[in-house]
Amino acid sequence: MNKHNLFTLALIFFGWHIAAQNNPPALIPLPAQLEYCGGHFSFSESTRVLLRPASQELMPAATYWLSHCFRRAGMELYIIENDPGQDVIELVLDKKLPNPEAYRLQVDANKIVITASAPAGAFYAFQTLRQLLPADFESSIHSGNVFKSQVPCVRIDDAPRFPYRGMHLDVGRHFFPVEFIKKYIDVLALHKFNRFHWHLTEDQGWRIEIKQYPKLQEVAAWRKETLIGHYSDQPHRFDGQRYGGFYTQDEIREVVRYAAERHITIVPEIELPGHSLAALSAYPELACTPGPFEAATKWGVFEDVYCPKEETFTFLENVLTEVMGLFPGEYIHIGGDECPKDRWKTCPSCQALIQKEGLKDEHGLQSYFIRRIERFLNSKGRQIIGWDEILEGGLAPNATVMSWRGIEGGIAAARQGHKVIMTPTSHCYLDYYQTNNTNEPLAIGGFLPLEKVYSYDPVPEELTPQEARYILGAQGNVWTEYMRTSEQVEYMAFPRALAIAELTWTPKSKKNFEDFSTRLARHFPRLDNLGLQYSKALFCIRAQVQTGPALALSTLHPEGVIRYTTDGSHPAAQSQLYNNPVVLNQSTQFLAAVFVQQNAVSPLFSLRFEPHLATGIVPDLSSLPHSSYNLGGPQALTNGISGSDSRYNDAEWLGWSGKDMEAVFDLGSVKSLSEFSTRFFHSPGEWIHAPQSVEIWASADGKKYRQAGKAESLKAGGKLLPISISLKKNTKARYVKVLVKRHGIIGQGLPGEGHEAWLFVDELRLR
Ligand code: ACM
Ligand code: ZN
């Protein structure tokens, strides 16, 4: 080879290397160690899978891939035992790899070598290889010949950070068919999850066939009707449609087998002692009072729960015996959350049991309940998982805790030497809203954008390294009160679940949200080919009103640009390109979208800026909003932008609990004032009440104030209470004080009775 050729070759190699680095395949979760080497391996009709006799233990991973993935893609690959030297994927069993889920994947131009100490590792190596293949590979209808597929040469050395990488699905509130459960499991496996927490029983429906108790199928699997709209919409309305369903034991066995083939262990959950109303509708003798009961038709927490009497334990042990026969995994989840003690307090049988067992109170009784169930399951070689309420009254000796109400339960359990799975609502509840767009489909509430999920670290900082060893991993939860269809589950769960995949697999030091979102955008075509209806929230325009004020817009789309209009017209490919924050100085309607070439690829972004006398003047607040509802900070009260009409948890609404609001403005110089206006949120179902009164006080020096206006006896007609106060004639002031007197304690018969009501305040407008 002469110098010239060598130079060309080096250029080609270098060029490819750069290309591979600039546009590497979208691996999610990111492997622990990854190095692109340049060049590629090409699949062909003669590509074979080499499995020498010594590596036969890895056969299940090989056969799974050949039959389920390559064949579906139209690639018939054969297993051989003798090395042809090239054009081969070799599986090598190497017991020196310490973790059965670990693997090495080496792609060279003429050979791919997968090394693992167990089928799980080989399975994950294939998942990585799959993600190195073009997205087309996932599609059952191929336009071209997939045998031309290429994968870049890489060296990957990979192992998970945590042994428990879970996703949950509530099939009690809404029921989803077996075909969907399999699709869900497929997508989880593609991203190296290894646990599926199947929430099978609820107040609203019992979803698993239990042969010994046929009324669980005939009665408990069905509810009369279902709540329409949000729980906080008052009064409650119902659809009048009988709703239900359950999985037969044959179906369950099929799903368990399907999941096992994909290295996913199912953790079945049978809720006790609470969330058991559906079971009580079939077997009222298991309750404290005679009933009758019916499966719940709305959401929430219900007072009728299992009574801890012998008959109940017999029932639960029989149920759990059938459950253990269906699910071979070590863990059975027994619920334990949200169990009101009302019935137990007045039940003679419960009170007698508290006496007899020398228990402290009803929390002791809950602990007794869980310990007894644990003893039974332990005696059959199984372990329990319970929600963090099982800490109350004392943990059962061997229980694993799922920390959901925050991380405190997880911290306490780890300090007591109990295993922990982290699923705090703040970062892992995928039923929360994922954007602040007002057109998001109805959800339970909250706000959990993708980047917040991604930012989560399952190991609480409070733990010592010794204690941290009890953290098994984390899980995303998908509660389905507001998800009626499989498509909606997909929309809520994905892509946020992929953030959970990465934070449970990838080393903490390698986590980087910008890199993740770039990979994710490139990963979407693969999910498209799998027919997944994931959320495109990644591409949404995010807005921040900076002091000035100026409007800063951004998108996580790696290639898209933002275009906007201010004349009310729909943004188009020719619209103004957004480069820098737009200074706001007059009433403006902003409409914007993310564009890739001619096409808008994001939901429409809309924002109205309405300036007033106090715009941009940050008020002094005598008490800060609650930290959960202070997203926009005090400047949100005067940035010229109103909050959403339908949701109070965006950056424009601020929320207080147990405090009045007192805001003082310094207008800089004495000004003539004629009107004050604002809006309050009013949603008694969510403990949010409009205030009692609003007073406006004016001052020239910030010391002596005169009252300039007042509004009293405020009554909201719907979820919003707009108010406008005409100020006294000739009101002139440099300093303006706005006093909002909160509603106070919530009255009898209302949700949150006896608690302080929340106060939510929108833009404070002065004219
Ligand atoms: C739960 O969300 N009630 C565990
Ligand atoms: Zn009782």
Side-chain angles (χ1 to χ4, degrees), residues 166-173 197-204 231 267 269-277 279-280 283-291 293 296 299-313 315-316 333-357 359 361-362 364-366 368-370 372 385-392 400-410 420-432 443-446 448 474-483 492:
M167 278 295 291
H168 151 284
L169 183 66
D170 163 18
V171 296
R173 274 55 177 265
H197 174 174
W198 204 357
H199 185 82
L200 285 162
T201 71
E202 255 308 335
D203 294 306
Q204 295 81 4
Y231 185 89
V267 178
E269 180 176 356
I270 305 296
E271 274 264 22
L272 56 91
H275 286 294
S276 47
L277 199 47
L280 299 183
Y283 298 99
E285 60 274 23
L286 307 178
C288 291
T289 57
F293 307 103
W299 324 123
V301 171
F302 299 88
E303 288 176 356
D304 289 298
V305 301
Y306 291 121
C307 176
K309 51 191 164 189
E310 286 312 307
E311 204 175 347
T312 303
F313 287 110
F315 167 83
L316 288 171
H333 198 306
I334 51 75
D337 59 321
E338 298 180 320
C339 178
K341 310 295 185 293
D342 307 61
R343 295 288 178 267
W344 293 357
K345 281 185 183 151
T346 55
C347 168
S349 154
C350 286
Q351 292 304 315
L353 188 56
I354 289 175
Q355 290 297 318
K356 175 167 163 254
E357 296 292 331
L359 304 171
D361 54 14
E362 289 73 24
L365 191 53
Q366 152 119 356
Y368 168 86
F369 203 128
I370 305 289
R372 227 180 118 160
I385 300 178
W387 300 108
D388 57 43
E389 286 93 329
I390 68 169
L391 280 149
E392 293 162 9
T400 295
V401 171
M402 231 174 220
S403 188
W404 74 278
R405 291 176 299 175
I407 61 172
E408 295 73 20
V420 172
I421 297 148
M422 300 303 287
T423 75
T425 54
S426 57
H427 292 81
C428 296
Y429 268 46
L430 307 189
D431 54 342
Y432 283 16
I444 196 158
L448 181 51
Q475 173 175 291
N477 290 344
V478 183
W479 301 102
T480 60
E481 286 94 333
Y482 299 95
M483 300 176 212
M492 296 302 279

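Start at 1 and go down the list; that is how both ligands and their atoms are numbered. For clarity, every value in this text was computed on a predicted model and none was experimentally measured. By convention here, the first residue in the shown sequence is residue 1.
- Distances from the Zn ion (ligand 2) under 2.8 Å pick out these protein N/O/S atoms: Cys288 SG, Cys307 SG, Cys347 SG, Cys350 SG.
- Note that CG of Leu391 is 8.0 Å distant from CZ of Arg405, once rounded to the nearest 0.5 Å.
- Residue contacts with ligand 1: Trp404 is placed with no nitrogen or oxygen under 3.5 Å of a nitrogen or oxygen of the ligand (distance criterion only).
- Looking at atom 2 (O) of ligand 1, its nearest protein heavy atom turns out to be Tyr429 OH, 2.6 Å.
- Aromatic pair His333/Trp198: centroids not less than 6.0 angstrom apart.
- Contact check for Leu272 versus Phe369: side-chain heavy atoms found under the 4.5 Å cut-off.
- Without hydrogens or angle criteria, Thr423 side chain to Cys428 main chain gives no donor-acceptor distance under 3.5 Å.
- Contact check on Glu310 versus Arg372 returns a salt bridge, with a Lys/Arg side-chain nitrogen under 4.0 Å from an Asp/Glu carboxylate oxygen.
- Ring orientation note: the planes of Tyr368 and Phe313 are nearly perpendicular, at an angle over 60° on the 30°/60° scale.
- At a 4.0 Å heavy-atom cut-off, ligand 1 touches Glu338 through the side chain alone.
- Atoms of ligand 1 found under 4.0 Å from any heavy atom of Trp479, numbered from 1 in the order shown, are 1 (C), 2 (O), 4 (C).
- Residues Trp344 and Gln366 have side chains in contact (heavy-atom distance under 4.5 Å, counting atoms from C-beta outward).
- Protein heavy atom at the shortest distance from atom 3 (N) of ligand 1 is Asp337 OD2, 2.6 Å.
- With respect to Glu202 and Arg173, a salt bridge is recorded, a charged nitrogen being found less than 4.0 Å from a carboxylate O.
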